[in-house]
Amino acid sequence: MTTLAAPTAAATPAAPTAAGPGTARADLLVVDADIVTMAPGREVVTGGAIAVVDGRIADIGPTGALRVAYPHTPELDAAGCLVVPGLVNAHQHTTADPLIRSGIPDDVPARQAIFDWIVPLHAAVTGDDDELSATLTAVEALSYGVTTLLEPGTVAHPLRVAAGLRAAGIRGRVGRWGWDTADAPYAMPAADTLAAQAETVTALAGDRLVTGWVTLVGHDLVSDELFTGAAELAERLDVPMTWHLSPSAEDPAGYAVAGRPRPVLHLRDLGVLGPRLLLGHAVWLDDDELDVLAGSGTAVASCPGAYLRLGQGFTRAGRHTELRRAGGRLALGCDSHNAGDTPDVWRAARLFAGLDRDRGAAEPLPADEIFALATVDGADAVGLGRLTGSIEVGKAADLVVLDTRTIAWTPRGDLATQLVWGAASHTVRDVLVDGRPVVRDRRITTVDVDALRAEVASRGADLLCRAGIDIPHRWPAVPATEYRAHRTGPAGATPPR
């Protein structure tokens, strides 16, 4: 059995060195902030500043000292604010669902939602739809302080998805879904699927923000030939890979019917586990599977909001905390706009923390460890730990400014507790990705949001029409004139109570 190596990480850029006071160059100073570094010592630097050079963190120190070292540098005033690392969303679908957000009823079984809704929608989407919905998802994520978003597979137009993410300015990873089960919609033979995977990764190679990775749909829809071929391709191209596994009890049951061992054990036997692989979900694990995952270095993306929305048994079967305690690699995700319903990693963190404690986990993760899952440990799980996830010299300037002068932060308590349980996304003021301001004073700088909103409304309606789907609305919409006439009766008299 071969354990796959992690993708090779680029060396951490060295910080520029100043020849003397007032001689160094910087692109931006973030000044007068309290900085939650999430560095190994978990230091909070009070009253500090961050110097940004060529998209990287070049220096951290007292505001006055950095002003002297980097004169004539534009400043972002963060007085009275908290600066935290950009959050990582390790599992976020960006196509089809965003255009019909919260449209799939929450009282239909998951399989019905897939085959009556998702499959027809993906059959009807165009490249324009996919690019637009990716931009919409990225803009929303950025407004919540999420600076890295990993798309775990799109059906038809991955390069258009990449363009949509790039337009918003988010850091992204994109892949084209692959599966080869003969009776599954949009399936292709293993060789054709692998060729499509390679085409996507190659086309996005060298992009500073949005690159490709190998993505399979997973579950029980993939042959052994395709699983092993995907692992070999990812190793040859030196990229990570991801697929879905065991969000509910259906995957273990399906593997048993097919005469396979339990899903994780089957992947172990194929030799495809390892630090290069990120599994979406892995909720329904037995003891042996948990031990194998922890020992192999395979990462898991936990999406608690989706499991609750779809009723997949997370509170009964979820063992992600045990996996973490056993040394496993874990990140947080939000899934889709008809599962988690919002790409808000703060909400995912709070849900994970609360569900973990309420179901009586032996060693529930405290707030500081939960916030690490959303930042530095999440980045490590998706193979980006040397680039992002913490505020350290040499890393990318993926930074989020939280306005702690708001009433929601009055008074400040323990920062880790407040960051997780206070679900701080509503206090995001500014966001930088790779040193570029993409949110300033709560406004997206990269996209015309009003135009985006109008186009989404139009394209969403067109998509539903082409797919032959009507969203059922539980409450009737009544024009105001009709409602008033009904309420007031003849001659405008208000009926007695």
Side-chain angles (χ1 to χ4, degrees), residues 7 9-10 55 85-98 127 130-177 197 200-215 234 237 239-242 278 280 299 301 303 331-337 340 342-345 374-375 378-389 395-400 431-436 438-439 444-447 452:
L87 274 60
V88 176
N89 186 339
H91 191 97
Q92 181 65 56
H93 293 287
T94 67
T95 51
D97 280 274
D130 274 357
E131 184 170 341
L132 178 69
S133 63
T135 299
L136 173 66
T137 305
V139 164
E140 184 182 3
L142 289 169
S143 73
Y144 297 142
V146 176
T147 58
T148 298
L149 183 153
L150 292 101
E151 162 66 73
T154 185
V155 174
H157 309 104
L159 300 187
R160 297 297 297 275
V161 172
L165 299 180
R166 192 181 301 113
I170 202 165
R171 190 180 301 282
R173 297 293 180 267
V174 175
R176 177 170 179 165
W177 257 2
Q197 299 281 321
T200 299
V201 173
T202 302
L204 296 174
D207 191 294
R208 179 153 175 154
L209 282 184
V210 183
T211 60
W213 60 341
V214 173
T215 60
L237 298 178
V239 295
M241 57 185 176
T242 188
L278 172 70
C303 307
L332 296 175
C334 300
D335 210 327
S336 79
H337 282 76
T342 174
D344 183 351
V345 175
T375 53
D380 174 73
V382 301
L384 295 173
R386 299 182 67 184
L387 179 64
T388 190
K395 282 196 170 184
D398 294 351
L399 308 173
V400 178
V431 179
L432 276 64
V433 177
D434 215 46
R436 177 192 184 191
V438 294
V439 179
I444 297 289
T445 66
T446 53
V447 173
L452 175 68

Where Gln92 and Ser336 come nearest, the two heavy atoms and their spacing:
NE2-CA, 3.9 Å
Which pair of heavy atoms, one from Leu142 and one from Thr147, lies closest together, and at what distance?
CD2-CA, 4.4 Å
Under 4.5 Å between any side-chain heavy atoms of [X] and [Y], yes or no?
X: Pro343; Y: His337; result: yes
X: Thr148; Y: Leu387; result: no
X: Glu151; Y: Thr137; result: no
X: Thr215; Y: Met241; result: no
X: Val88; Y: Leu150; result: yes
X: Thr445; Y: Val439; result: no

Among all residues two or more places apart in sequence or in another chain, which pass the side chain to side chain contact (heavy atoms under 4.5 Å, CB included) test with [X]?
X: Leu136; answer: Pro98, Leu452, Val456
X: Ala397; answer: Val52, Ile57, Leu399
X: Ala299; answer: Leu278, Arg329, Ala381
X: Thr342; answer: Glu140, Tyr144, Asp344, Arg347

To the nearest 0.5 Å, what is the distance between CG (Leu159) and OG1 (Thr200)?
5.5 Å
With sequence neighbours excluded, tell me which residues meet side chain to side chain donor-acceptor pair (under 3.5 Å) with [X].
X: Gln197; value: none
X: Ser143; value: none
X: Thr154; value: Thr95
X: Thr135; value: none

Using the ring pair (Phe, Tyr, Trp, His ring centres under 6.0 Å) criterion, which residues pair with His93? Sequence neighbours excluded.
His91, Trp177, His244
Under the ring pair (Phe, Tyr, Trp, His ring centres under 6.0 Å) rule, collect the residues that match up with Trp213, sequence neighbours excluded.
none
Walk me through it: do Thr242 and Arg173 pass the test side-chain contact (heavy atoms from CB on, under 4.5 Å)?
CA-CA 11 Å; Thr242 188; Arg173 297 293 180 267; over 6 Å; no
Salt bridge (charged side-chain N to carboxylate O under 4.0 Å, His left out) filter on Arg171, not counting sequence neighbours, yields Asp398, Asp434
What residues, two or more places apart in sequence or in another chain, satisfy salt bridge (charged side-chain N to carboxylate O under 4.0 Å, His left out) together with Arg160?
Asp128, Glu131
Please answer whether the main-chain N or O of Thr94 pairs with a side-chain N or O of Ser133 as donor and acceptor at a distance below 3.5 Å.
yes
Option among Val174, Asp207, Thr446, Val161 that satisfies the side chain to side chain contact (heavy atoms under 4.5 Å, CB included) test with Arg166
Asp207
